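The structure appears below as structure tokens.
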Amino acid sequence: MTRKEKGVWVSWNENIQHKYKNLYTVQTEKELQEVVEKSEKLRIFGNKQSSADISAGLETLVDIRNYNKILSYDDTKLQITVEAGITLETLIEAIENKGWCIPCLPDINTVTLGGALATGTHGTSGKILAQYVQSFRIVLADGTLKEVIDGDELMDALRVSMGVLGVFSTITIACEPNYTLHVKEAPQKDAIWTKNLKEKIDQYDFLRVLWMPHTDKGYVITGDKIAPEKNIIEKNGPSYLKYRRDVSKILYKHTHTYPWFTSVANKILALAFFNSKKEHKGSLYQATVTKSRGSTLELAEWTIALDDFQKVFEELKAEINKWSNKSFIHIPMDVRFIKADNSWLSYAYKQDTVTVGCVSRNAQTADSYEAFKTVENIFIKHGGRPHWGKRFKARDPEMEQLYPKWNDFKNLRKKLDPNNKFLNTYLKELFDEK
């Protein structure tokens with residue numbers, strides 16, 4: 001274990017910064033226990049890619065990225081046990097080498113597993129990532145270890161817990177046999193892709209929509225399982241598609257000053273970069289995970305019950321199409337689908353869910369990005385739930401209404417961490433702790 005004294009913790013976008021007194025880098029479970037036990041207050045961080053201020057802000061910080069080993073495989077159960085600081089990239093590539101997969105993967109692979117689980121990270125057309133966890137070893141606030149397995153009463157609270165019930169140490173994940181997807185991509189008018197969504201979710205093994213505000217279109221990505229040896233004619237689109245992020249950065253550079261220009265930029269980007277029909281195949285990981293993220297993004301994401309999505313979408317579209325509204329949203333808005341589960345703070349708790357991501361390409365001006373406010377107001381109005389690792393303003397009173405198990409979670413948190421060791425200022429506000 002190494003210790004660094006006095007410095008500044010800086011998030012991936014450099015727009016969240018906190019001073020610290022002690023920064024520990026741990027490599028073993030014993031070191032993790034030791035620093036948790038002796039610290040009065042601390043937060044754990046990985047690759048710093050959260051848009052919410054949950055990873056730092058206390059005098060003592062723990063960098064978990066070197067606590068990243070693969071500990072064991074269970075070939076009979078198709079399970080892998082790893083340390084919490086492992087990145088999704090390392091984890092997924094390891095299980096692919098075994099001929100396995102995790103059936104629902106997020107869009108990026110650069111985050112640590114512990115951080116991804118704690119914040120409810122998800123993919124589409126399946127469950128949140130945490131639902132595939134079979135067991136955790138966690139370090140409690142007093143430094144002791146506790147093992148929690150699938151079926152234990154604590155498990156549904158622990159799966160999505162923002163690191164406030166304890167620190168994830170080792171994690172065992174259940175996998176499935178790997179499979180190949182035949183992926184097709186094409187633009188569709190809003191009136192088409194929003195119709196009969198329930199049937200489409202059942203029809204495809206993979207479904208994702210990149211909605212393009214101010215264009216009346218979505219870019220629809222579907223995937224069907226096929227035999228690995230099946231031949232398809234691949235269509236990768238024009239070679240200039242690789243420049244989308246560069247062009248986006250240029251077009252959106254001054255939209256915080258001239259929000260109306262976003263509408264023009266969106267139309268240009270949709271025509272140039274979201275107008276091609278593409279077709280390819282690969283494993284779930286190869287075919288659907290971006291494997292990178294531009295460092296200019298700030299994100300909000302809201303989820304809504306599948307049954308309520310249509311009316312929320314129509315209201316959102318009508319609101320942002322008003323020229324009197326400054327909420328001109330950068331494209332694309334990422335629309336994905338999650339199956340119902342029982343995790344207390346899951347966005348899909350007891351309901352099939354649609355998630356809608358909202359992006360600002362200008363991280364440094366994200367605080368004045370009106371779209372975040374408009375999206376939050378509309379989703380809150382209809383019972384939408386925010387992504388824990390992304391931007392939102394709602395706090396304890398709203399959460400009590402949105403999450404049926406919110407107060408149960410708060411009571412459990414207080415029981416496991418009576419001295420609020422794991423709460424920074426942001427989390428104190430979220431849980432209404434003085």
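This one's a predicted model, so the numbers in the text were calculated from it and none came from an experiment. Residue indices begin at 1 and follow the sequence shown.
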Is Arg391 paired with Glu376 through a side-chain N to carboxylate O contact shorter than 4.0 Å?
no
Flag yes if more than 12 heavy atoms outside Glu14 fall under 6.0 Å of its CD atom; otherwise flag no.
no
Using a strict threshold of under 4.0 Å (side-chain N to carboxylate O), is an ion pair present between Glu185 and Lys235?
no
Just checking Trp211 against Phe313, ring centres under 6.0 Å apart?
yes
Are the side chain of Arg385 and the backbone of Trp302 linked by a donor-acceptor contact shorter than 3.5 Å?
no
Is Lys405 salt-bridged to Asp408, going by a charged N under 4.0 Å from an acidic O?
yes
Are Lys350 and Asp341 within salt-bridge range, i.e. N to O under 4.0 Å?
no
Rounded to the nearest 0.5 Å, how far does OG1 of Thr60 lie from OH of Tyr24?
6.0 Å
Carboxylate-amine/guanidinium contact Glu234 Lys281, below 4.0 Å:
no
Among Lys195, Lys317, Lys217, find the residue that satisfies the salt bridge (Lys or Arg N to Asp or Glu O under 4.0 Å) test when tested with Asp190.
Lys317
Decide, yes or no, whether a salt bridge links Lys390 with Glu301 under the criterion of side-chain N to carboxylate O below 4.0 Å.
yes
With sequence neighbours left out, the residues meeting side-chain hydrogen bond (donor to acceptor under 3.5 Å, both in side chains) with Thr288 are none
Tyr349 ring center within less than 6.0 Å of Trp406 ring center
no
Which label fits Tyr369 and His330: parallel for a plane angle under 30°, tilted from 30 to 60°, or perpendicular past 60°?
tilted
Output yes when Lys184 and Asp224 qualify as a salt bridge under the 4.0 Å nitrogen-oxygen rule, no when they do not.
no
Under a 3.5 Å threshold, yes or no: a donor from one side chain and an acceptor from the other, between Tyr252 and Asn266?
yes
Does a donor on one side chain and an acceptor on the other come within less than 3.5 Å for Glu29 and Thr170?
no
May I ask you to say whether Asp202 pairs ionically with Lys200, meaning some side-chain N is under 4.0 Å from a carboxylate O?
no
Inspect the contact between Lys410 and Asp396 and indicate whether a charged nitrogen and a carboxylate oxygen are less than 4.0 angstrom apart.
yes
Salt bridge present between Lys414 and Asp417 (N-O < 4.0 angstrom):
no
Ignoring hydrogens and geometry beyond distance, is a side-chain donor-acceptor pair present between Glu37 and Gln33 at under 3.5 Å?
no
Out of curiosity, Asn15 CG to Ser51 OG, how far, rounded to the nearest 0.5 Å?
7.5 Å
Is Arg208 salt-bridged to Asp334, going by a charged N under 4.0 Å from an acidic O?
yes
Looking just at side-chain N and O atoms, do Ser169 and Tyr67 make a donor-acceptor pair shorter than 3.5 Å?
yes
Quick one: pull up CD in Glu83 and CG in Leu91 and give me the separation to the nearest 0.5 Å.
12.5 Å
